[in-house]
Amino acid sequence: KSSNQVKKYLDCLNGIGTCMYYKGAFHDAFTYLKRAIIETEALLGKEHISYSNSLNNLSSLQTDMGEYDSAIGYYRKAVDLELAHGEKDEGIITVYNNLGGTLEKRGDIHEAIRYYKKALRIQRELPDGKIINFAGCYLRLASAYLKLNEVELAYEAQLKALDYYQDTKDVDGEFVRNRTMTSHWNLVEISMELKNDSAIEVYAQRAVAMELKFLKTLSSRGLSILGEIEMKKGSTAKAIRYFRDKLVKQKKQFDGFAQHPALGRTYAQLANG
């Protein structure tokens, strides 16, 4: 095979795996993304920069499967490969952010922030840094700061992220819409910490309206946050309905992954209700 044919073949494997991932078909996604790793090693070798992309894709899936340690191991290999190639571009920014995201989910919040800040620093050094990438860096920082109860820092970072998303030329694109919804849910959680009831209502309404318009349903995260809002109001019955709807949705998404940590958190919410 020519180098161009090899690249197209690997792009197809990664592309199919990524599509399956976004559809929630994790088993099929794993099959294709793992195959992409194996084929990249065989056809291009572990030192080729394309190997970083394959590692990054599989790691993203493993993170959502709850296999954090394995994902982090692959991400670190991708970081080493990017640095070995002297890369200081969007590739290393993506890997740093994704590695930080997995570390954050594993509970290593301070280390996650360190990688988010590395990504942001490189982003600032790029002469043609894209607005949307700045938004992504601040979005992740906001999430991490909130977990550390650094509420004001979280609020500041999240507002910056939302401003960047609203300024990007891709404001009507699916990716930016999804990140905008995430930003609104983040602002709901931050406002809950700040005990700002009016802000909670405003951002929750915006998030719900966007999800129903574009997703035609409420996300697991949305159901979770709405349930927590009702719990704080003392409306236990309403909260339990949200948590049960969330559990039904997650069981479909994580079919075959009975030990997924997200399911455990939902069961805990139901128990507390």
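As the structure is a computational prediction, the values presented were derived from the model and not from experiment. One-based numbering along the sequence shown.
Checked against salt bridge (charged side-chain N to carboxylate O under 4.0 Å, His left out), Glu152 has no partners two or more places apart in sequence or in another chain. With sequence neighbours excluded, no residue forms a side-chain hydrogen bond (donor to acceptor under 3.5 Å, both in side chains) with Tyr145. In this structure, the side-chain hydrogen bond (donor to acceptor under 3.5 Å, both in side chains) partners of Ser54, at least two apart in sequence or on a different chain, are Asn14, Thr40. Qualifying side-chain hydrogen bond (donor to acceptor under 3.5 Å, both in side chains) partners for Thr31, counting only residues two or more places apart in sequence or in other chains: none. With sequence neighbours excluded, no residue forms a side-chain hydrogen bond (donor to acceptor under 3.5 Å, both in side chains) with Arg241.
Between Tyr115 and Tyr96, the ring planes lie tilted relative to each other; the angle falls in the 30° to 60° range.
If you check the side chains of Tyr51 and Glu41, you find a donor sitting under 3.5 Å from an acceptor. A donor-acceptor contact closer than 3.5 angstrom is absent between the side chains of Thr180 and Gln166.
Identified under the salt bridge (Lys or Arg N to Asp or Glu O under 4.0 Å) test for residues 92-106, with sequence neighbours left out: Asp64-Lys105, Asp69-Arg106, Glu104-Lys147, Arg106-Asp108.
Put simply, the side chain of Lys216 gets close to the backbone of Lys213: a donor and an acceptor are under 3.5 Å apart. Counting only distance, with no hydrogens or angles, the side chain of Tyr116 and the backbone of Gly101 share a donor-acceptor pair below 3.5 Å. Between the side chain of Ser224 and the main chain of Ser220, no donor-acceptor pair closer than 3.5 Å is present. Looking at His85, its side chain does come within 3.5 Å of a backbone N or O of Glu47 through a donor-acceptor pair.
Taking a 6.0 Å sphere around NZ of Lys249, one finds it holds more than 12 heavy atoms contributed by other residues, nucleotides or ligands. Shown here is Lys238, whose NZ atom has no more than 12 heavy atoms of other residues, nucleotides or ligands within 6.0 Å.
By the 4.0 Å N-to-carboxylate-O rule, Arg221 lies close enough to Glu189 to be salt-bridged with it. For the pair Glu156 and Lys160, the salt-bridge criterion is met [side-chain N within less than 4.0 Å of a carboxylate O]. A salt bridge links Arg76 to Glu111: at least one charged side-chain nitrogen sits closer than 4.0 Å to a carboxylate oxygen.
Residues Asn186 and Tyr203 are not in side-chain contact: their nearest non-hydrogen atoms beyond the backbone lie 4.5 Å or more apart. Between Leu103 and Ile109, the closest side-chain pair of non-hydrogen atoms is not below 4.5 Å. In this structure the side chain of His110 reaches within 4.5 angstrom of the side chain of Leu148, judged on heavy atoms.
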- Show the numbers, then the answer: is there a side chain to side chain contact (heavy atoms under 4.5 Å, CB included) between Val79 and Tyr75? CA-CA 6 Å; Val79 167; Tyr75 276 135; 5.5 Å; no
- Task: Please test Glu39 against Leu10 for side chain to side chain contact (heavy atoms under 4.5 Å, CB included), starting from the C-alpha separation and ending with a verdict.
- Result: CA-CA 7 Å; Glu39 294 288 348; Leu10 296 174; 3.8 Å; yes
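Residues Gly17 and Ala29 share a closest heavy-atom pair of O-CB, 3.4 Å.
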